[in-house]
There are 2 protein chains.
Amino acid sequence: MRQTITIKDVALRAGCGVATVSRVLNNSGSTSVDMQQRVQAAADMLGFEFSEVGRSLQSSTTRTIGCVVPSLANPVYADAVQGAQEYFQAAGYQTLLVCTNYDTEFETQAIRTLTAKQVDGFVLTVSDTIFSEGLKSIKSRGIPHCLLFSMASDDEQSWSVDDLSAASRVSDAFVEKGHIDVGFLALKFKSSDRARQRYQGFVLGCHRNGMKKPALLEINEDSQELTSFLKDFLQKNPTLTGIFASNDFLALATIRSARALGLNVPGDLSIVGFDGIEVGTMVEPSLATIVTDPKMMGRGAARTVLSVINGTSAPVLPDPKLTFSFRAGGSLAFPAAERADDEKAATLSPSNNPTNKNDKIQQERLK
Amino acid sequence: MRQTITIKDVALRAGCGVATVSRVLNNSGSTSVDMQQRVQAAADMLGFEFSEVGRSLQSSTTRTIGCVVPSLANPVYADAVQGAQEYFQAAGYQTLLVCTNYDTEFETQAIRTLTAKQVDGFVLTVSDTIFSEGLKSIKSRGIPHCLLFSMASDDEQSWSVDDLSAASRVSDAFVEKGHIDVGFLALKFKSSDRARQRYQGFVLGCHRNGMKKPALLEINEDSQELTSFLKDFLQKNPTLTGIFASNDFLALATIRSARALGLNVPGDLSIVGFDGIEVGTMVEPSLATIVTDPKMMGRGAARTVLSVINGTSAPVLPDPKLTFSFRAGGSLAFPAAERADDEKAATLSPSNNPTNKNDKIQQERLK
DNA sequence: GTTAGCGTTGGAAACGTTTCCATAGGGAGG
DNA sequence: CCTCCCTATGGAAACGTTTCCAACGCTAAC
């Protein structure tokens, strides 16, 4: 078992040379009808399938694309990967997937491995465009690639949301509802281009709108619990009326934590998210957020890579202004006159807090 | 550019034969220190990396696993894929991903392609274990594989939730809260083993608990809108007090639709989901559901495949009773004396309904 | 001094394909 | 009848690796 049938077996059975089998089965070169039938019959009988490995060696092309993303737990990446994979599939390319878990060491290693596997191209979300070893090596080797949700340099394309403008738009939404003093909440701030971009855009927007410079609450991955961090944060910033979370999962978790602290959302604290994942419309109050289209981004990146591979002209990137839109939601409203008493929060039963196990799962999600 | 450096180039530069280069760089056979240094230097200077294609041809092994799932839009699969991918990665295997979109035609085609790519094994969620052409071909070729969330036959392993028992457990939960007449809601019922299993288990459980046989509401993918279907369903089953949805997204969507119909959840209608996705704990009321651990399942399936490949003994599957647990939630409670008036629902403003675009996205999700 | 054995090395085959080139056969046109 | 060309076919090289085998030089033992 498991011994594969090669073109030689077919040739032997059909009583011809391997070249003829190749020609018949690939419809290349000229062959007689008689021979076509004999070869076809032999191939069918043996259940022959070409080995892509042999082909790849000969053609020095693998029809495989490496796809590197931080994680699939975040639906943004999951959708993007799905979009890219579908596009590649339709074009006859396979997708080699790697999740880096936001680990740059891993990222470098993964890119090296995929390069050795001779992928024809890459679609990647790197944690840091400038310092990525892997990206550097891809460029130096001249392997076709396209970035996804990452900042591009001049000589390459990137399909990504205009984080700067989108975050700035969020500040508009806050100021429209009368907020002056709001904060920014991010997980893995250090290792994410995106979170930094969003913060930067938010700071600029707040400044432009005459608001206070937003305070930054950064959670590192081994923080035990969002709720207690949030509590500290709010105590340090007593006049804060809103929080912009750097992604929707974080925003939903923040709503939950705020409630656990006895706060009313949006009365005591307004929350705005980023990404526009669909459950945001199902919760009560619905989540105000920036809506994006990750699947389209994934497809776009796939198109770009294939265009580089085929030497056709690259697709035009979407207008940055159209890479996102703001979705109003019940989680953002005019602030109440006064925030609920903090004492109340302190007396809240601990049983309202999420269990340890759930918290662990949640932490993975939030990345 | 893009001309690759081969072992021959290194040999030439180091002034030795290719065999020696291979031995040095792979630490196999015996080599002199002098030669080691020369080869290493030459390889470094040229930036040489082995071509996996050449290796694969020679070793007839690709260190690549095909991973076939319906979709990444469903976090259950996304998590499972991530779990499997991580395990494979750690073991030095790469993951070739295909999403079938619940299309059996696609599934068959994808498996054929991956077979041609000479993957060393498969992890797959097929839509129908018995009739899957692809699975048949994998078996007949004797390619190592492991099923994931699919029913296995005797000669193979499957890592999956005990859908039957889990669904039965849901009926227990309903009856504990005094429900007698409940329904089952599924999307893609026809093309999903899993939905059918869950319905079957639910029917059995309800019978055992002395409840009515649950009515089945089946939504096909081009249904325009859940809300109107739900309305019809509730009118046809006026005494219904609860609904078991075949997955959490569907459950959340059902809560939203019920609200749009002016119903109170859980007062007028209790909802229970399946899968235990994490946002279920963030919504208000929290979603009662069956909790599963897809990432663990993915890891497990990966372990099984590798054990088959390496000829080591297969890991023991988890006790079926431990593949799920029930999580109580606010969406399941004792029914109110009487359901809210249907008239009220009819007069509800249509602006409360989700927009078309969101509905489309939602449909994909629900799969 | 001869030989056995060991450490080191290179040549070549093999893996499965495609494709170039050569060859053979046959029909048409001179 | 000879030549030319066109179609159909097979042999063989090439793609990049690993590994078997042979060969070479050396040391140690007889």
Side-chain angles (χ1 to χ4, degrees), chain A residues 2-40 42-43 46-64 92 113-120 141, chain B residues 2-40 42-43 46-64 92 113-120 141:
Chain A
R2 198 81 182 96
Q3 33 95 359
T4 38
I5 293 137
T6 77
I7 198 172
K8 275 186 197 154
D9 302 314
V10 178
L12 202 68
R13 174 143 206 138
C16 64
V18 290
T20 305
V21 177
S22 174
R23 274 187 292 257
V24 169
L25 263 27
N26 290 309
N27 270 326
S28 63
S30 60
T31 49
S32 67
V33 178
D34 169 59
M35 192 57 95
Q36 281 168 24
Q37 290 171 340
R38 270 166 47 206
V39 169
Q40 198 56 254
L46 297 170
F48 170 75
E49 298 265 0
F50 279 114
S51 158
E52 283 299 324
V53 177
R55 275 187 167 165
S56 294
L57 184 59
Q58 135 76 25
S59 65
S60 67
T61 189
T62 55
R63 296 193 85 77
T64 302
T113 310
L114 293 180
T115 304
K117 272 225 153 47
Q118 313 264 88
V119 293
D120 291 342
R141 289 183 149 77
Chain B
R2 196 84 179 94
Q3 32 97 359
T4 38
I5 293 138
T6 77
I7 199 172
K8 275 186 198 155
D9 301 314
V10 179
L12 202 67
R13 176 143 205 134
C16 64
V18 290
T20 305
V21 176
S22 174
R23 275 188 292 257
V24 169
L25 263 27
N26 290 310
N27 270 327
S28 63
S30 61
T31 49
S32 66
V33 177
D34 169 59
M35 192 57 96
Q36 281 169 23
Q37 289 172 340
R38 270 163 52 203
V39 168
Q40 197 56 256
L46 297 170
F48 170 74
E49 298 265 0
F50 279 115
S51 158
E52 282 300 323
V53 177
R55 277 187 166 164
S56 294
L57 184 59
Q58 136 76 25
S59 65
S60 67
T61 188
T62 56
R63 296 194 85 76
T64 302
T113 310
L114 294 180
T115 304
K117 272 224 152 49
Q118 313 264 86
V119 293
D120 292 342
R141 289 183 148 77

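These numbers come from a predicted model, not from an experiment. When reading the values below, keep in mind they use all heavy atoms of this one structure, side chains included, and skip hydrogens, waters and symmetry mates. Letters A, B, ... are given to chains in the order of the sequence lines, protein chains preceding strands, and every chain is numbered from 1.
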Phosphate oxygens OP1/OP2 of D:dT18: is one of them under 4.0 Å from a side-chain N or O of B:S59? no
Report, one line per pair, each donor and acceptor closer than 3.5 Å where one atom sits in a side chain of residues 7-18 of chain A; sequence neighbours left out.
unit_1	atom_1	unit_2	atom_2	d
A:D9	OD2	A:T6	N	2.8

In whole Å, what is the span from the CZ atom of B:F50 to the C1' atom of D:dC15? 16 Å
Partner residues of B:T61 under the side chain to side chain contact (heavy atoms under 4.5 Å, CB included) criterion, sequence neighbours left out: B:S59, B:D120
Phosphate oxygens OP1/OP2 of C:dT18: is one of them under 4.0 Å from a side-chain N or O of A:S22? yes
Rounding to an integer number of Å, can you tell me how far A:E52 CD sits from C:dG16 C1'? 11 Å
Side chain to side chain donor-acceptor pair (under 3.5 Å) partners for A:S51, two or more places apart: B:Q118
I'd like a table of donor-acceptor pairs (distance under 3.5 Å, sequence neighbours excluded) in which one partner is a side-chain atom from residues 19-26 of chain A, with atom names and distances.
unit_1	atom_1	unit_2	atom_2	d
A:S22	OG	A:N26	ND2	3.3
A:N26	OD1	A:R55	NH2	2.8
A:N26	ND2	A:S22	O	3.0

Sugar-phosphate only, base, or nothing, as touched by A:E49 at under 4.0 Å among non-hydrogen atoms: sugar-phosphate
I'd like to check the side chain to side chain donor-acceptor pair (under 3.5 Å) partners of A:Q36; sequence neighbours left out, ordered by chain and number. A:T31
B:L57: partners by side chain to side chain contact (heavy atoms under 4.5 Å, CB included), with sequence neighbours left out: A:V53, A:L57
Can you sort out the partners of B:D34 under side chain to side chain contact (heavy atoms under 4.5 Å, CB included), two or more places apart, ordered by chain and number? B:S32, B:R38
Below 3.5 Å between N/O atoms, which protein atoms pair up with nucleotides 11-14 of chain C? Just atom names and distances, please.
none

Measure the shortest side-chain to side-chain distance between A:E52 and A:T64 over non-hydrogen atoms and say whether it is less than 4.5 angstrom. no
Let me test you: for the helix from C:dG1-D:dC30 to C:dG30-D:dC1, what is the angle between the axes at its two ends (five pairs each), rounded to 10 degrees? 70°
Tell me which residues in residues 27-35 of chain A put a heavy atom below 4.0 Å from DNA chain D, sorted by number, or none. A:S30, A:T31, A:S32, A:M35
Look at B:T20 and C:dG10 and indicate whether a side-chain polar atom (N or O) is within less than 4.0 Å of OP1 or OP2. yes
Under the side chain to side chain donor-acceptor pair (under 3.5 Å) test, residues paired with A:T113 that sit two or more places apart: A:Q109
Find the distance A:F48:CZ to C:dG16:C1' and express it as a whole number of Å. 8 Å
Figure out the NZ/P separation between A:K117 and D:dG16, and round it to whole Å. 18 Å
